[in-house]
Amino acid sequence: MTIRLIIVDDDPLVRAGLTFMLGGADDIEIVGEASDGTEVPALVERTAPDVVLMDIRMPALDGLAATEALRRRPHAPEVLVLTTFHADEQVVRALRAGAAGFVLKDTPPADIVTAVRRVAAGDPVLSPAVTRQLMIQVAGTGAVPGGRRAHAADRLAALAEREREVALAVGRGRSNAEIAAELYMSVPTVKAHVSRVLAKLGLNNRVQIALLVHDADPAIGDPGPGSSHVG
């Protein structure tokens with residue numbers, strides 16, 4: 001299967017470098033480029049990409065607004081955010097909007113190719129360690145508005161007991177192996193529960209589960225003493 005990819009970045013040198021780097025992969029086809037988020041809807045409509053590699057900071061319409069608009073479309077492509085920051089508030093907003101992950105601009109070329117392949121396969125590009133870092137970032141942004149907290153709590157309450165236990169563990173940044181050990185189940189069973197949680201809640205990836213858990217109760221979503229562990 002050939003992965004159809006769009007590159008969105010306002011720097012022509014960055015676009016050229018990414019095109020050269022990613023275009024050399026046998027299974028990736030660059031079907032379009034854009035220099036601003038305003039160009040993305042028409043380009044997506046015309047080229048039907050599988051993945052959009054999206055820069056965050058652009059002058060007219062940034063990658064955050066472009067991602068939010070794109071993920072509201074039916075049959076939307078996956079979005080992989082391109083950024084210079086590890087876990088700032090803009091990355092968190094992009095993940096809330098449904099981005100499948102993010103890569104840094106100084107990431108080695110082979111790793112960016114791998115990230116595109118993973119996102120195209122439906123596998124979010126965020127390790128449990130990065131999830132924990134994001135939860136720490138979110139925890140420092142202040143109190144969750146009451147309405148959002150109540151809505152998040154209601155959504156979690158709709159899950160079956162085991163599904164909720166898995167969701168809470170995801171919210172603490174636990175890996176599938178760690179969740180399996182904590183809850184005395186197999187890794188495939190954990191994966192199945194995560195898939196059901198995503199489907200029931202209408203979410204795109206496990207980081208959105210973690211953000212929902214934090215919204216429901218920041219104390220539950222606190223990464224806790226295991227937050228320095230790399231999963």
Side-chain angles (χ1 to χ4, degrees), residues 1-25 27-85 87-105 107 109 111-126 134 138 148 151 155 198-199 201-209 211-212 215:
M1 168 187 157
T2 299
I3 301 166
R4 297 171 62 80
L5 177 71
I6 283 176
I7 297 171
V8 185
D9 196 294
D10 65 326
D11 187 332
L13 291 178
V14 172
R15 290 200 310 275
L18 289 169
T19 298
F20 177 78
M21 174 199 320
L22 294 162
D27 57 343
I28 296 176
E29 178 187 1
I30 311 296
V31 296
E33 296 180 21
S35 60
D36 190 79
T38 57
E39 303 168 18
V40 171
L43 186 59
V44 167
E45 188 70 29
R46 189 168 67 251
T47 61
D50 301 301
V51 179
V52 177
L53 185 58
M54 182 88 73
D55 186 25
I56 283 187
R57 291 168 175 80
M58 293 180 289
L61 184 70
D62 65 27
L64 298 172
T67 296
E68 289 168 344
L70 189 57
R71 291 300 301 172
R72 286 195 293 265
R73 296 166 59 103
H75 311 296
E78 298 292 347
V79 176
L80 184 60
V81 171
L82 191 63
T83 180
T84 55
F85 295 91
D88 66 4
E89 61 184 29
Q90 293 180 312
V91 170
V92 173
R93 181 178 153 194
L95 294 170
R96 284 189 185 278
F102 68 91
V103 291
L104 301 178
K105 288 193 174 183
T107 298
D111 291 346
I112 295 182
V113 172
T114 298
V116 169
R117 288 171 176 155
R118 286 181 57 189
V119 166
D123 185 12
V125 183
L126 284 163
L134 285 167
V138 171
R148 195 168 84 194
H151 179 64
R155 294 179 73 189
L198 291 171
L201 298 178
L203 302 177
N204 297 104
N205 56 59
R206 62 193 295 133
V207 174
Q208 287 188 319
I209 296 175
L211 291 168
L212 184 70
D215 284 351

Using distance only, find each side-chain donor-acceptor pair of residues 73-80 under 3.5 Å and give its atom names and separation, not counting sequence neighbours.
from  : atom 1 : to    : atom 2 : distance (Å)
Arg73 : NH2    : Glu45 : OE1    : 2.8

Do [X] and [Y] make a side-chain contact, defined as non-hydrogen atoms from C-beta onward lying under 4.5 Å apart?
| X | Y | answer |
| --- | --- | --- |
| Pro41 | Leu70 | no |
| Ile30 | Ile7 | yes |
| Ile56 | Asp62 | no |
| Asp36 | Leu61 | yes |
| Val8 | Leu43 | no |

Would you compute the distance between atom [atom1] of [X] and atom [atom2] of [Y] and round it to the nearest 0.5 angstrom?
| X | Y | atom1 | atom2 | result |
| --- | --- | --- | --- | --- |
| Glu33 | Leu5 | CD | CG | 9.5 Å |
| Thr67 | Leu64 | OG1 | CG | 6.5 Å |
| Leu82 | Arg57 | CG | CZ | 11.0 Å |
| Asp10 | Arg15 | CG | CZ | 8.0 Å |
| Leu22 | Leu53 | CG | CG | 6.5 Å |

Study note, to complete from the structure: From the list Leu201, Leu198, Leu203, Leu95, side chain to side chain contact (heavy atoms under 4.5 Å, CB included) partner of Gln208 resolves to Leu203
Check your understanding: Hey, which of Leu18, Ile112, Asp9, Thr83 is the one that makes side chain to side chain contact (heavy atoms under 4.5 Å, CB included) with Lys105?
Key -> Asp9
Practice item. Might you point out which heavy atoms bring Ala66 and Gly37 nearest each other, and give the distance in Å? Key: CB-CA, 3.9 Å
Exercise for review: For Gly63 and Met58, work out which heavy atoms get closest and say how close.
Suggested key: N-CE, 3.5 Å
**Study point:** Backbone N/O of Arg4 and side chain of Asp50: donor-acceptor pair under 3.5 Å
**Key:** yes
Exercise for review: With sequence neighbours excluded, tell me which residues meet side-chain hydrogen bond (donor to acceptor under 3.5 Å, both in side chains) with Arg117.
Suggested key: Asp27
